[in-house]
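Take a look at the structure set out below.
Residue numbers count from 1 along this sequence.
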Amino acid sequence: MADNYFGAMLINVSSMELSIVNLKTGAQTERVKSNVAIGENIYNHEEIDFETVAEAAEALRGFLQIIKDYGVTNYKLWGSQALSTAPNAEFIRDQIFVRTGLSINWLSLGEESFVRNEAIALKFDGYHHLVKKHAAIIGLNSGSATLSFFAHDNLVSSHNMKLGPVRIKEVLQSLRATAPNPVDVLDDYINSKVDDFYRFLPEQLQTANNQVILIGAAPLNNYFIPEDDISYTLPLKQFNEFSREVIGASDQYLMERLHLTEENVELVLPEVLLIQNS
């Protein structure tokens, strides 16, 4: 029976996750998340310290116990592309192996994008209807954003920008110490990066009315998507109203308004600005 299940573990910059999946039905039997933020400082080119790696190893041992409790014998650990760029990434891999017996398989940006897009195709009922016309998928991870454009059932163009929410958060913290209008400066910065990408798009895609599928914006997804659903259709007008409310709001207000933890609230403004400019 246990052979029908697979344990997938992912360690990324801001969290770690375990999913136990029924391979016959594709249903997720168990999902566990740890908020160990192993690499949030890598965008400042800082090494990940020994204590943080030890915390990550402890969380992984907890995942392994859950896997054992389910009787699952087939499991694997992946590491995000962003984490693989840490100055001491090989040290992380070695320490995780020594402490848990698990080998980290580093994902490339292309693999991350492929897995995201395939998950949407499998799980989102409206996917095939959208890509028959024009659709854009914005896939976010901590350090980058991938924009994929579809038309007439085909992937037409895809591009990755080093503009993930955690990376933008670091830029915003720096701007707040130096710029009189940090949000305006950051907005212009993001817009310039996105404009560079759009210049290389076919002209028909630049003017097409795209339906946008967003994946990876955890704080926003957790707020908008109903508890028992996997997606929510957000009208542009509602998103624009939400954006105006978020920009300039205090962290305390957003924590109460969006039911967020202190760790997640700092990602809301970067995500909103990134989506707004995309």
Side-chain angles (χ1 to χ4, degrees), residues 8 10 12-15 17 19 21 26 28 31 78 80-82 107-168 190-226 229-240 242-243 267-268 270-278:
L10 173 65
N12 59 39
V13 169
S14 56
S15 65
E17 294 189 39
S19 291
V21 180
Q28 185 173 250
R31 183 184 181 191
W78 284 273
S80 69
Q81 186 276 338
L107 291 166
S108 68
L109 284 173
E111 287 170 329
E112 289 185 4
S113 179
F114 174 79
V115 170
R116 276 196 301 265
N117 293 351
E118 193 167 62
I120 295 171
L122 290 171
K123 295 294 184 180
F124 180 48
D125 292 338
Y127 171 81
H128 294 287
H129 172 72
L130 291 179
V131 297
K132 277 185 180 298
K133 297 178 181 178
H134 288 94
I137 296 178
I138 302 176
L140 303 182
N141 64 26
S142 59
S144 64
T146 301
L147 279 72
S148 301
F149 286 83
F150 294 80
H152 312 300
D153 282 328
N154 293 314
L155 174 62
V156 179
S157 182
S158 186
H159 182 72
N160 182 268
M161 300 178 293
K162 292 184 177 180
L163 278 177
V166 175
R167 190 188 296 270
I168 293 173
I190 295 172
N191 193 44
S192 68
K193 295 292 184 182
V194 174
D195 280 350
D196 286 342
F197 163 64
Y198 273 96
R199 289 194 189 99
F200 295 98
L201 274 182
E203 187 175 349
Q204 65 269 26
L205 286 183
Q206 294 184 31
T207 57
N209 185 19
N210 287 297
Q211 296 284 333
V212 176
I213 303 171
L214 173 67
I215 186 168
L220 302 187
N221 290 345
N222 292 340
Y223 176 70
F224 284 108
I225 298 176
D229 292 333
I230 63 168
S231 67
Y232 175 74
T233 300
L234 184 67
L236 180 60
K237 181 180 178 181
Q238 185 180 352
F239 174 74
N240 289 336
F242 176 79
S243 299
L267 300 178
V268 173
E271 287 180 356
V272 165
L273 292 176
L274 186 54
I275 297 165
Q276 202 172 51
N277 283 286
S278 299

Nearest-0.5 Å distance that lies between atom [atom1] in [X] and atom [atom2] in [Y]:
| X | Y | atom1 | atom2 | value |
| --- | --- | --- | --- | --- |
| I225 | T233 | CD1 | OG1 | 10.0 Å |
| K132 | N154 | NZ | CG | 10.5 Å |
| H129 | F124 | NE2 | CZ | 9.5 Å |
| L10 | L107 | CG | CG | 7.0 Å |
| F224 | Q238 | CZ | CD | 5.5 Å |
| M161 | L140 | CE | CG | 9.0 Å |

Check whether any side-chain heavy atom of [X] sits under 4.5 Å from a side-chain heavy atom of [Y], and report yes or no.
| X | Y | result |
| --- | --- | --- |
| T146 | R116 | yes |
| F242 | L220 | yes |
| L273 | I168 | no |

How close do [X] and [Y] get, counting heavy atoms only, and between which atoms?
| X | Y | answer |
| --- | --- | --- |
| V272 | F239 | O-CZ, 4.0 Å |
| E112 | S80 | OE2-CA, 3.4 Å |
| P165 | E271 | CG-CG, 3.6 Å |
| S19 | R31 | OG-CG, 4.0 Å |
| S108 | E111 | N-OE1, 2.8 Å |

More than 12 heavy atoms from other groups under 6.0 Å of CZ on F114: no

Among L155, L147, N117, side chain to side chain contact (heavy atoms under 4.5 Å, CB included) partner for I137: N117

Intermediate values then yes/no, side chain to side chain contact (heavy atoms under 4.5 Å, CB included), N160 and S113: CA-CA 9 Å; N160 182 268; S113 179; over 6 Å; no

